[in-house]
Structure formats: structure tokens, C-alpha cells
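Lettering of chains follows the sequences in order, A, B, ..., and the numbering in each one begins at 1. What you see below is based on every heavy atom in this structure, not just the backbone, and it leaves out hydrogens, waters and symmetry mates.
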2 protein chains.
Amino acid sequence: MTASPSIRTKRERADQTRARILDASIHEFSENGLAGARTEQIAEAAGVNKALLYYYFKSKEGLYAAALESIAVGVRASGLATLNANASAGERFLKSALEHFDRIHTNWRFQSLMQQEMVRLHRGEAHALTPLVETVFKPLTTRMHEVLLEGIASGELIDVDPSQIRYATLGANVLYFLSAPLMRMVSGTDPLERGAMGLRRKLTIEFLGQSIFRDRKHGAKVAAQVLSATPMPENGGIPPRPTPEFRKNKSEKVRHL
Amino acid sequence: MTASPSIRTKRERADQTRARILDASIHEFSENGLAGARTEQIAEAAGVNKALLYYYFKSKEGLYAAALESIAVGVRASGLATLNANASAGERFLKSALEHFDRIHTNWRFQSLMQQEMVRLHRGEAHALTPLVETVFKPLTTRMHEVLLEGIASGELIDVDPSQIRYATLGANVLYFLSAPLMRMVSGTDPLERGAMGLRRKLTIEFLGQSIFRDRKHGAKVAAQVLSATPMPENGGIPPRPTPEFRKNKSEKVRHL
DNA sequence: CATATTTAACTAACTAGTTAGTAAAATAAT
DNA sequence: ATTATTTTACTAACTAGTTAGTTAAATATG
């Protein structure tokens, strides 16, 4: 287990192990939640002994918080990038809506962790999200608000509450992916299949072009432009599930002998 | 323990205990999830012995499924009622959007259970939701689709994908409540406080009036009409949480001795 | 050798589900 | 109507298994 020959020093190898633990944690926590994830499983996936988790991070919750922070790093940057692009406020907002849609499925782990954190927050648990408020959520929310206000002031967008536009836009994306397995049962077709997703992606932006732009013809043009400028990224992250029904649980073991 | 004098027969008392168990289950499961809820705690809250849960429902999952079905009964009726009201398609849709907003906070337990079920579905777990697909979700989705198509055909609503209108509308409501504890940390004000909620309720409908109606003046009128016809219901269901931070976990006990 | 990293072995606490038994109500027999 | 028998509703105590976290020893590495 003397690792790859490229890594020699003690420090480097330790850092690498640490990173492997974080990777495995993101994987396990995003799929099974804080309570559902098993430390033993994380250790195994990282190829280390369970006690090592407690050597690097003091507790399961500490590990969870670290995993959350490590995955959140990239989100802020890409989110702000679209909002600061060189384009009209309306176009920047559509770009950012599209980026949000794409990010949900390319970085599904992050989305999954966030959804579980929201539930935990409602229960009054979770310190884990607190640090991300300042580093990620506040900057993104604020910037988006500014862009929308700018678009409204310039007359490009309709004069409605910017937060409401935000809720409707992000909410649509969140709900699409969150409800996908349910809608699959309702409609028979899988919203996570690439074709369906590509269509939804297009309809999402076109809808915004028609709904929040004062001049709907202009909105349609901007939507088309944004869509043609940003092709759908490769299938990223939502781990495909087998047939919806039969599948033995993991987090809640059934033990009827 | 001969209970109240009004209940004499064995059968009646048994039905009552069964109902008490279901009530306690809804409470516990909605607050702690399937895995997080403790059978002992459910039994205690229902005032019965734990083994009785297994006498009435064969397993924890069976109890969960029964609780879910019992709470879902009311949702279909109220949802369909607004969609079938006597009004234009556009107005019926706004009514139904408003009913959805109100239902989320008056029947928070249902919403909470649904959100957790969505996550479970993504993991490939959950038979519990399957029966509700036919009895609740399919009828509601179908009817809403019909209403939207009617509104588009009549020219009252803009010609965009009906499903996209649904995602944007319901998604906005879901995200508002789901992200409330996070937004409270971001903005400092509590979205679940009654004043804020009343405002959001109004902005939600007004936004739809401006965004999905072909004639925005007409949309504004319909929105005002729907809002004045339906006052905000009394504070229903989201259990208020103390100060966001400090609060010992329940589902994931920390046992560092 | 001394220090940082890693592990095998262990434990204390907890939890879903079971079992064996009881009290009282319902039903059948006399 | 009284007694005997069966069924229903319910409980106390227990089992078997799981899991987060600890400890002390081992293994590199500088």
C-alpha cells in the first residue's frame, strides 16, 4: 500500500488520504444522508480504516461538514460567472437559470446534499450549512437580486418582485429534478432520460423568455440566443436507478428473520 | 383504563387506538423521517405498547405507508375542487396555485412527508408512495394539465408548455417553504413569519398574473380577484423552530462520551 | 529514535422486531 | 341467564443485530 511512486513525502500522502476520505464522504452522504451513511462504508470506499476518519475529522458530523464545504467550492464561482457575463440583465438572468439547470444534473451530489440539508434545517438540526451561507448563498442571492433589479429598471423585465422571479425560476428547476422519479411513475416516461432533459432545458428558458420579459418577442430572441450559446453538458451526476420498484433498502435495514 | 364512557364496544376502542397510532406516526415520521422516527417514541406518543404497532401494522414500513395514505386522503379533494371551480381556466389555475401555497403551510406534515419520499425515491427506496400515484398525483396532474391547455387554447394564457407552467408555479411554492430556514439565515428575516408569508402569497399570484397571461392587465385583474376571494388561512402546520442554531439532534444522536 | 500516520480489536448505546403471556370482551353452550 | 370457551386487544421483557466512536498498538517516515 505504498501508493503511487509519484507521491513520496509523508505530507503529500496524508493529504491524498484526506482527499480520498472527503471524496468517499461526498459520495456516501449524498446518496444516504447524514444519518443514513455508514462510517464503515465511507472508510471502505476511501480504502482506509474507520478510525482514520476520526483521526482527520473529529466526528461524523465534522466529516459531513467538511464534505459539504469541499463540494460547495465550485458552485459559487460558476454561479457568479453567468450573472456577471457581458450581456443585458435579462440575458444574464437566463444564462444563470440555464447554468442552474445544468448544474443540478452535472453536480447532482451537491444538489442532493442541499436538499437533505434543507430538511435537516427544518428540523432545527444542521450547523453544517451555516458557513456556506456567507461564502455561497448570500453572494449568489444578492447578485441575482441585483441583476433582476437592473433588468426591471431598464424595462427589459416586467415589474414584479425579483425574489418571486427567483423562486419561480430556481423552483422550477429544483422541482423538475426532485420530482423526477415521481413524475416517471405518473407519466411513464423518465424525466432524467437525456432526451427529456434536453427538452425541459429548452422549455425552461423559453418559458422565461415569454413570462418575465416585457417584450415577449425580445424575450424569445434572448432565450434562443442563450440556448444556442450553451449546449447541454454531458451526463454528469444523477446515479441512474434500476426499475423504480424493487430494491432493498440500505439506510433502513429490514430484519425479519 | 375503561376510557371515555361514550365508547363501549371493544371494536370502537380498538379503532380509536389504531387512529391514535396513525396520528402519532404522522407526527413522528413527518418530523424525523422513516429512518429517523423511533417506534418506541411513536408508541409512547400514542399511549400504547410498542408491540401494538406490530399487531396493527406488520412493520415500521407498513406503519409508514398507512400513515402516508391516511394523510393523503384530503389532498386530492381540495386540489381538484379549485381546478374544477366555476371560472375561466386562467382563474382556476391561479386559484389552484393559491390553494397549493396555502396547503403547504396548513398541511405541512404532508409536505414534509412528500419531500422525504422524493428523496427516498431518488435512492430507489419507497414503495410507500406508489399507491398514491393513482389516487392522488395522477388525477391532480392530469386535471391541471387540462385546465392549462384550455387556458392556452382560449388565448387567455400564453402559448408555452403547460408542464413548464406547472413546474414554475408549484416549484416556486415548494422552494419558498423548503428554503425558508436557509433564506432566514441569508436575509435575517423569517419567511415563515405570518406577515412575510402573506406577502409572498400575494406576490406569487400577482407574478402569475403578469407572467402567464397573454393580456397582463387581465392577468392582474384575475390575480386581484382570486386573492380577494381567498383569505389566508390560519397558521396551520409548520412547527416553529427555536433559534436556528443550537438544538440537539434527534435522528442522529451524538454519543461522544 | 521520535513523530505522524494507520490499523485491529473493542465497547457502550441503541433499536427494530419478537415472544410469551394476560385481561377483558365477545360468542357459544347449557 | 349463567357458565364455559374463544378471540381480540394489549403489555413487559427480551433478543439479535447494528453503529458511532475509542484505545492501544503497529508501521512507516524523516
**Asked** Any donor and acceptor pair, going by atom type alone, linking the side chain of B:Y56 with main-chain N or O of B:L22 inside 3.5 Å?
**Response** no
Ranking D:dT22, C:dA16, D:dT19 by distance to the side chain of A:Y54, first place goes to D:dT22
- Are A:Y167 and B:R200 close enough that some pair of their side-chain heavy atoms sits under 4.5 Å apart? yes
Find out whether B:H105 and B:P233 are in side-chain contact, i.e. whether some heavy atom of one side chain is under 4.5 Å from a heavy atom of the other. yes
Under the rule of Watson-Crick or G-U wobble with both distances under 3.5 Å, where | means paired to another strand and [ ] a crossing pair, DNA chain D maps to ||||||||||||||||||||||||||||||
- Phosphate OP1/OP2 of D:dA9 contacted by B:R13 side-chain N/O (<4.0 Å): no
Here the distance between atom P of D:dT11 and atom CD1 of B:I42, to the nearest Å, is 15 Å
A:R38 side chain N/O closer than 4.0 Å to the phosphate oxygens (OP1, OP2) of D:dT18?
no
Sorted by chain and residue number, the side-chain contact (heavy atoms from CB on, under 4.5 Å) partners of B:R143 (sequence neighbours excluded) come out as B:L80, B:L83, B:N84, B:R92, B:E146, B:V147
Q. Does A:H145 reach the main-chain N or O of A:R166 with its side chain, forming a donor-acceptor pair under 3.5 Å?
A. no
Quick one: is A:T17 getting a side-chain N or O under 4.0 Å of the C:dT6 phosphate, OP1 or OP2? yes
To the nearest angstrom, the CD-C1' distance between B:E44 and C:dT15 comes to 15 Å
Between A:T169 and A:A97 the two heavy atoms that sit nearest each other are CG2-CB, 3.5 Å
Rounded to whole Å, CG of B:L53 lies from P of C:dT18 at a distance of 12 Å
Rounded to whole Å, CD of A:Q41 lies from P of D:dA20 at a distance of 11 Å
From CG of A:L52 across to C1' of D:dT27 the rounded distance in Å is 13 Å
Between B:D15 and B:E40, whichever has its closest DNA chain D nucleotide further toward 5' is B:D15
Requested in this report: Under 4.0 Å between any heavy atoms, over every strand shown, what does B:Y56 touch: base, sugar-phosphate, or nothing? Just pick one.
Outcome: sugar-phosphate
Which of D:dC10, C:dT5, C:dA16 is nearest the side chain of A:A14? It is C:dT5
Can you tell me if A:T39 touches the phosphate of D:dA20, counting only side-chain N or O atoms and a distance under 4.0 Å to OP1 or OP2? yes
Picking from D:dT11, C:dA26, C:dT5, the nucleotide nearest the side-chain atoms of B:V48 would be D:dT11
TODO: Please state whether the phosphate of D:dC10, meaning OP1 or OP2, lies under 4.0 angstrom from any side-chain nitrogen or oxygen of B:N49.
DONE: no
**Prompt:** Does the D:dG21 base have a donor-acceptor partner in the side chain of A:K50 within less than 3.5 Å?
**Reply:** yes
query: Do A:S112 side-chain atoms and A:W108 backbone N/O form a donor-acceptor pair below 3.5 Å?
result: no
Margin query: In the structure I gave you, are the side-chain heavy atoms of B:M232 and B:R194 within less than 4.5 Å of one another anywhere?
Written below: yes
A:Y55 atom OH is separated from C:dA4 atom P, nearest whole Å, by 7 Å
Atom CD of B:E12 and atom C1' of D:dT8 are separated, to the nearest Å, by 15 Å
Within a strict 4.5 Å, meaning less than it, do heavy atoms of the B:L129 and B:F137 side chains meet?
yes
Could you go through A:Y64 and A:F57, starting from their C-alpha distance and side-chain angles, then the distance that decides it, and tell me whether this counts as ring-ring contact (aromatic ring centres under 6.0 Å, His included)? CA-CA 9 Å; A:Y64 183 68; A:F57 311 90; over 10 Å; no
When rounded to whole Å, the CZ to P distance for the pair A:R18 and C:dT6 reads 12 Å
All N/O contacts under 3.5 Å from nucleotides 23-26 of chain D to the protein, with atom names and distances to one decimal?
none

